[in-house]
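Computed from a predicted structure; not experimentally measured. In the text below, chain A, chain B and the rest are named by the order of the sequence lines, each starting its count at 1.
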2 protein chains.
Amino acid sequence: MILRECFLRKRRFEAFQSSLGITRHLLAERLKKLVRFGVLRRVPYMESPKRYEYILTQKGLDLYPIIMSIVHWGNVHMVDSRGKPLLHEHKSCGKMFDPLMICSECGEPLNAKEVHTHPGPGARQALPEKKPAPSKKRSDRAA
Amino acid sequence: MILRECFLRKRRFEAFQSSLGITRHLLAERLKKLVRFGVLRRVPYMESPKRYEYILTQKGLDLYPIIMSIVHWGNVHMVDSRGKPLLHEHKSCGKMFDPLMICSECGEPLNAKEVHTHPGPGARQALPEKKPAPSKKRSDRAA
DNA sequence: GATTGACAGTTCTAAAATAGAACTTTAGGT
DNA sequence: ACCTAAAGTTCTATTTTAGAACTGTCAATC
C-alpha cells in the first residue's frame, strides 16, 4: 500500500500516514525497510529541521507492473455496484486503459494455462531435507 | 507464496507445506482464508479418509499477471551471478519469454511516468477525519 | 514570549499473528 | 504390532502490529 501511494506521487511521511491510516511506528519501519531494500531513496527536501521524502528508485519503479496488476485485479474482483475505484489514463495515447500482460516473444495475451515454468540457472536448490535419510525403508536399513 | 505454488500446479496441503517451509498452522489458516475469499476452491479427491486439494477459481486464476510480474521482478532484481531462478515457456509460441505489460488501447509498453490515475466511480470516500472538529481554534471554543 | 501547528519520527503497552514442535485421525502397508 | 501418509489441530514462546502519547525543530500566530 505504501508503494501504491508512491506511484500516486505521494512522497512524505505524513502523506503516507494520513492516506493509509497505518500506525506511524509501522510506517517508519516499512519505509526503513524499503530504503534498505533499495526500492525507495530517502532524500532531504529541507534542511533544519531536516525533512526527508521517499522516492522510488529504478528498482522501485520496476514494481509498477505488479502494482498495476493488483489494482486491475481489484477493479475486476473487488468492485461493488458503483464501478471501478481507480481509472488509468495513458498519457501517450490519451485513453483510459486496462493493463494487459503479453508474451514478449509473440505478443499474445498471457494466461496461466499456456505457460510452462522451468527452473532457471539461478534456481535455489531444494532445501536440505528435514528428514534427509529416506533410510527408513527397510531395504535401506541394512546398508 | 502459496499462490505461486498453486500456479506451479501444487494443490495439496503437504505439497505446500514442504515446498514453502511455512508452519502447518499458518498454512491451514491461509488456505481457509483463500477459500473464504473465493481465490481457491477446496475439493475432495478422496473419500475416507477425506482428503482435499486446493485449486484456483477463476478469481484466483486472474491473479496470474500479479504472480508473473512479481516473478519477473525477482528475475531482474533478486538474481545472483548464476542467472534467473525461474524461466517461462509460452506453449502457444514455443519460446522462452518475459511478461510484458502494455496499454490495452494502444498496445505500447506501460511505464509509471506515462500513466495518470483518476478516482473512478467506485472510489472509496476519504476517511472521516480523526480530528473532524478543528474546533481547537480559540475562535471555535466559545461556541 | 508563550502557544500552536507542521513534520518526521520515537517510545511505550496491549493485542494479534507467527514460529516451532508435538499430537490427532483415518487408512494402507509390512 | 508398528510405520507411514495426509490433512489438519493444539500447545507455548516469540515477533509483529495496533494504538496512543511523546520528542525535537522550526515557522507562524496570539
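When the nearest nucleotides of DNA chain C are assigned to Pro49(A) and Lys50(B) by heavy-atom distance, the more 5′-ward of the two goes with Pro49(A). Between Lys33(A) and Met46(A), the one whose closest nucleotide on DNA chain D sits nearer the 5' end is Lys33(A). Of the residues near DNA chain D, Arg30(A) and Tyr52(B), the one whose nearest nucleotide (by heavy atom distance) lies more toward the 5' end is Tyr52(B).
Under a 4.0 Å N-O distance rule, the pair Glu114(A)/Lys91(B) does not qualify as a salt bridge.
Between Leu31(A) atom CG and dA8(C) atom C1' there is a gap of 10 Å when expressed in whole angstrom units. One interatomic measurement links the two molecules: CD of Gln17(A) to P of dA21(D), which rounds to 13 Å at whole-angstrom precision. Spacing between atom CZ of Arg11(B) and atom P of dA6(D) amounts to 16 Å, rounded to whole angstrom units. Distance CZ (Phe16(B)) to P (dG8(D)): 11 Å, rounded to an integer number of Å. Rounded to an integer number of Å, the gap from CD of Glu29(A) to C1' of dC12(C) is 14 Å. Taking atom CD1 of residue Ile22(A) and atom C1' of nucleotide dT16(D), one finds them 12 Å apart after rounding to whole Å. Leu26(A) places its CG atom 14 Å from the P atom of dA17(C), with the value rounded to the nearest Å. One interatomic measurement links the two molecules: NE2 of His25(B) to P of dG8(D), which rounds to 14 Å at whole-angstrom precision.
Within 3.5 Å, a donor on the side chain of Arg24(A) pairs with an acceptor on the base of dA8(C), or the reverse. Arg51(B) contributes no side-chain N or O that forms a donor-acceptor pair with the base of dA7(D) under 3.5 Å.
A donor atom on one side chain and an acceptor atom on the other are found under 3.5 Å apart for Tyr54(A) and Arg42(A).
For Tyr45(B) and Tyr52(B), the ring centers are positioned 6.0 Å apart or more.
Heavy atoms of Tyr45(B) sit under 4.0 angstrom from primed sugar atoms or phosphate atoms, though from no base atom. Residue-level contact check: Thr23(B) touches the bases, meaning some heavy atom is under 4.0 Å from a base atom.
Between Lys32(A) and dT10(C), a side-chain N or O to OP1/OP2 separation shorter than 4.0 Å is present.
The listed nucleotides are dT17(D), dA8(C), dG8(D); the one nearest the side chain of Tyr54(B) is dG8(D).
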Next item on the list: I would like to know whether His88(A) and His118(B) meet side-chain contact (heavy atoms from CB on, under 4.5 Å); could you show each step before the answer?
Entry: CA-CA 6 Å; His88(A) 297 291; His118(B) 308 272; over 6 Å; no

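The hydrophobic cluster containing Ile70(A) also contains Leu40(B), counting ILVMFWY residues as joined when their side-chain heavy atoms lie under 4.5 angstrom apart, directly or transitively.
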